[in-house]
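Data first, discussion second: the structure below is written as structure tokens.
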Amino acid sequence: MVSAPFINQIVRPARAAGTGVVNFAGFGGSYGDALREVWFEPFEKETGIKVNMGVGASLALAKLQTVNPNGAEWDIIDLPNPAFITAAKENMLLPVDGKIDFSKILPKYVGPYGWSYTTFVYVVGRNKSLISNAEAPQTWADMWDTKRYSGKRALNNVNTSAVSLEAALMAAGVKPTDMYPLDLDRAFASLDRLERDNIVWGMSLQDPVQQIGSGQTPIGGIYTGRAIMANRQGAGIAYSLKQGIIGGDSLGVIRTSKNKNEAFALLNFIATRGDLSAKFVERTSYGIPHIDVEKLLPKDARDISAALPTNPVLQETALFNNAEYYAQHMPEVLRRFQEWQLG
């Protein structure tokens with residue numbers, strides 16, 4: 001999600017073991033603000049355990065924690081599902097072993113090292129001031145139509161996620177049911193059709209908010225949650241749910257964590273609080289696999305469910321990200337993408 005180095009982007013973590021502190025490595029921005037307001041602050045008040053949050057979470061960071069001779073500086077890491085699967089397979093995470101109560105979490109989201117605590121949807125977005133409702137693009141093929149829509153396109157950089165390649169393949173006519181394994185030759189041919197100079201690559205999830213909201217790219221890929229949060233600040237970003245790409249993030253505890261008990265206490269808090277899960281969905285529009293979320297959403301937040309994976313439009317047209325495929329093939333996908341960029 002964030003490919004910039006972790007150094008100098010973080011707040012200083014607590015280093016002593018068992019300090020009543022848990023250090024959480026995430027991604028920052030408005031999403032990080034939501035994590036703090038909805039989950040961390042109530043947890044701190046209820047338990048007295050301080051949550052120290054930093055940005056720059058990545059598989060590389062998880063690996064660095066396990067080889068640090070002084071032990072991990074970060075206790076919990078937030079990773080895209082494919083990276084999380086890899087981290088678990090490569091012994092970077094602690095098994096849950098009953099330390100988290102998953103009785104209210106949908107079983108398909110739960111694994112031995114943690115759970116996919118949130119889902120999100122990558123969609124075709126547009127600047128409402130520059131592209132009217134009547135002219136609004138609906139699909140990835142529309143976004144690739146450079147004759148109909150002038151200007152540059154925003155796409156997420158391929159690092160821990162390859163949603164831009166999936167979008168490129170759908171723009172080329174590949175159906176979600178035929179997506180995996182990725183036809184990389186066809187994906188890069190599709191990007192060539194869009195043209196390199198016509199693409200502005202976002203290095204973080206927040207970048208498309210600025211790119212589309214400012215009009216730098218009148219059209220581009222964006223996550224619904226980021227768009228909704230930005231619109232609450234007047235960003236003026238619209239999007240289509242057709243052909244949304246659904247993925248998720250997982251939470252786990254670093255194997256060499258110095259604050260294991262505190263870390264599992266926070267994760268258990270997140271997994272069991274349906275009231276706060278509903279508040280998080282209301283705050284961010286991202287999905288939470290807690291079974292009580294829908295009924296706990298306030299009436300004035302029901303419109304948010306349009307952007308959740310349960311929406312019929314998404315059920316009909318969406319691509320559900322294959323995390324197992326990326327856990328196995330992401331190095332090859334990333335290598336091919338880097339070669340394409342240099343070419």
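No hydrogens, no waters, no symmetry mates; every other heavy atom, side chains included, goes into these values.
Scanning both residues, Ala187 and Ala168, for their nearest heavy atoms gives O-CB, 3.8 Å. The shortest non-hydrogen separation linking Ala323 to Asn81 is CB-CB, 3.8 Å. Of all heavy-atom pairs between Val200 and Gln211, the closest is CG1-NE2, 3.5 Å. Minimum interatomic distance between Ala57 and Ile77 (heavy atoms only, all atoms of both residues): CB-CG1, 4.0 Å. Here the closest heavy-atom approach between residue Asn321 and residue Pro82 is recorded as OD1-CG, 4.0 Å. Considering all non-hydrogen atoms of both residues, Ile49 and Ala265 come closest at CD1-CB, 4.5 Å.
Neither side chain, Asn52 nor Trp74, offers a donor N or O lying under 3.5 Å from an acceptor on the other. Donor-acceptor pairing under 3.5 Å is recorded for the side chains of Ser190 and Trp144. In summary, the side chains of Asp101 and Thr272 do not present any donor paired with an acceptor at a separation below 3.5 Å, with no hydrogens or angles considered. Defined by atom type and a distance below 3.5 Å, a donor-acceptor pair is missing between the side-chain atoms of Asp249 and Thr118.
Of the possible donor and acceptor atoms, none in the side chain of Lys242 sits under 3.5 Å from a partner among the backbone N and O of Thr317. No donor-acceptor pair closer than 3.5 Å links the side chain of Arg283 to the backbone N or O of Val38. No side-chain donor-acceptor contact under 3.5 Å links Asn268 to the backbone of Phe264. In terms of modelled atom types and a separation under 3.5 Å, the side chain of Asn68 and the main chain of Leu64 share no donor-acceptor contact. Here the side chain of Lys99 pairs no donor or acceptor atom with the backbone of Asn261 at under 3.5 angstrom. Of the possible donor and acceptor atoms, none in the side chain of Asp75 sits under 3.5 Å from a partner among the backbone N and O of Val22. When atom types are taken as modelled, the side chain of Gln243 and the backbone of Trp140 share a donor-acceptor pair closer than 3.5 angstrom. Put simply, the side chain of Asp142 gets close to the backbone of Thr139: a donor and an acceptor are under 3.5 Å apart. Between the side chain of Arg153 and the backbone N or O of Pro218, no donor-acceptor pair lies under 3.5 Å. Gln65 places no side-chain N or O within donor-acceptor distance of the main-chain N or O of Gly71, the cut-off being under 3.5 Å.
Side-chain atoms of Pro112 and Pro95, non-hydrogen and from C-beta on, never get closer than 4.5 Å to each other. At least one side-chain heavy atom of Gln341 sits less than 4.5 Å from a side-chain heavy atom of Asn157. Contact check for Ile76 versus Leu267: side-chain heavy atoms found under the 4.5 Å cut-off. Arg226 is listed as a side-chain neighbour of Gln206, based on a closest heavy-atom distance under 4.5 Å. Taking the side chain as every heavy atom from C-beta outward, Met92 and Ile254 never approach each other to under 4.5 Å. The side-chain heavy atoms of Val121 and Leu314, taken from C-beta on, include a pair separated by under 4.5 Å. Leu184 is listed as a side-chain neighbour of Glu332, based on a closest heavy-atom distance under 4.5 Å. Taking the side chain as every heavy atom from C-beta outward, Phe84 and Leu93 approach each other to under 4.5 Å.
Met179 and Ile85 fall into different hydrophobic clusters, where Ile, Leu, Val, Met, Phe, Trp and Tyr residues are linked whenever their side-chain heavy atoms come under 4.5 Å apart, directly or through other members. Linking Ile, Leu, Val, Met, Phe, Trp and Tyr residues whenever their side-chain heavy atoms come within less than 4.5 Å places Trp39 and Leu251 in a single cluster. Hydrophobic cluster membership is shared by Tyr239 and Val313, with clusters built from Ile, Leu, Val, Met, Phe, Trp and Tyr side chains linked at under 4.5 angstrom. When hydrophobic clusters are built by joining Ile, Leu, Val, Met, Phe, Trp and Tyr residues whose side-chain heavy atoms come closer than 4.5 Å, directly or via intermediates, Ile131 is grouped together with Leu155. Clustering ILVMFWY residues whenever any of their side-chain heavy atoms sit less than 4.5 angstrom apart, transitively, puts Ile245 in the very cluster that holds Ile199.
A salt bridge (charged side-chain N to carboxylate O under 4.0 Å, His left out) check over residues 155-178, counting only residues at least two apart or in different chains, returns nothing.
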Report the C-alpha distance between Ile219 and Asn127 in whole Å, list the side-chain angles of each, state the deciding distance to 0.1 Å, and finish with yes or no for side-chain contact (heavy atoms from CB on, under 4.5 Å).
CA-CA 6 Å; Ile219 185 173; Asn127 182 301; over 6 Å; no
Assess whether side-chain contact (heavy atoms from CB on, under 4.5 Å) is satisfied between Leu130 and Arg126, documenting all intermediate values.
CA-CA 8 Å; Leu130 299 177; Arg126 64 181 168 91; over 6 Å; no
Go through the steps for Phe102 and Val96 under the test side-chain contact (heavy atoms from CB on, under 4.5 Å), then give the verdict.
CA-CA 10 Å; Phe102 288 130; Val96 172; 4.1 Å; yes
Could you walk me through whether Glu135 and Arg148 satisfy the salt bridge (charged side-chain N to carboxylate O under 4.0 Å, His left out) test, starting with their C-alpha distance in whole Å, then the side-chain angles of each, then the deciding distance to 0.1 Å, before giving a yes or no?
CA-CA 9 Å; Glu135 293 295 320; Arg148 183 178 177 189; 3.7 Å; yes
Would you check, one step at a time, whether the test side-chain contact (heavy atoms from CB on, under 4.5 Å) holds for Tyr286 with Val281?
CA-CA 5 Å; Tyr286 291 127; Val281 170; over 6 Å; no
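Using a cutoff of 4.0 Å between basic side-chain nitrogens and carboxylate oxygens, Lys104 and Asp292 are scored as salt-bridged. One finds a salt bridge joining Glu339 and Arg335 here, because a Lys/Arg side-chain nitrogen approaches an Asp/Glu carboxylate oxygen to under 4.0 Å. Between Arg336 and Asp185 there is a salt bridge, since at least one side-chain N of the basic residue sits less than 4.0 Å from a carboxylate O of the acidic one. Between Asp275 and Arg273 there is a salt bridge, with a side-chain nitrogen of the basic residue lying less than 4.0 Å from a carboxylate oxygen of the acidic one.
Around atom CG of Asp197, no more than 12 heavy atoms belonging to other residues, nucleotides or ligands sit under 6.0 Å away.
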Please tabulate, one pair per line, all N/O donor-acceptor pairs under 3.5 Å involving side-chain atoms of residues 25-36, not counting sequence neighbours.
residue	atom	partner	partner atom	Å
Tyr31	OH	Tyr117	OH	2.8
Arg36	NH2	Val51	O	2.7

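Put simply, OH on Tyr113 and CZ on Arg255 are 10.5 Å apart, with the number rounded to the nearest 0.5 Å. To the nearest 0.5 Å, the span separating CG on Asp207 from OG1 on Thr217 amounts to 10.0 Å. Note that the CG atom of Asn156 and the CG atom of Leu165 stand 11.0 Å from one another [nearest 0.5 Å]. Rounding to the nearest 0.5 Å gives a distance of 7.5 Å between OG of Ser103 and CD1 of Ile291. Here Ile270 contributes atom CD1 and Leu266 contributes atom CG; the two are 4.0 Å apart, rounded to the nearest 0.5 Å. The CH2 atom of Trp115 lies 10.5 Å from the NE2 atom of His290; values are rounded to the nearest 0.5 Å.
Aromatic ring pairs are classed by plane angle as parallel below 30°, tilted from 30° to 60° and perpendicular above 60°; the pair Tyr325 and Tyr180 is tilted. Between Trp201 and Phe337, the angle of the ring planes goes over 60°, which puts this pair in the perpendicular group of the 30/60° scheme.
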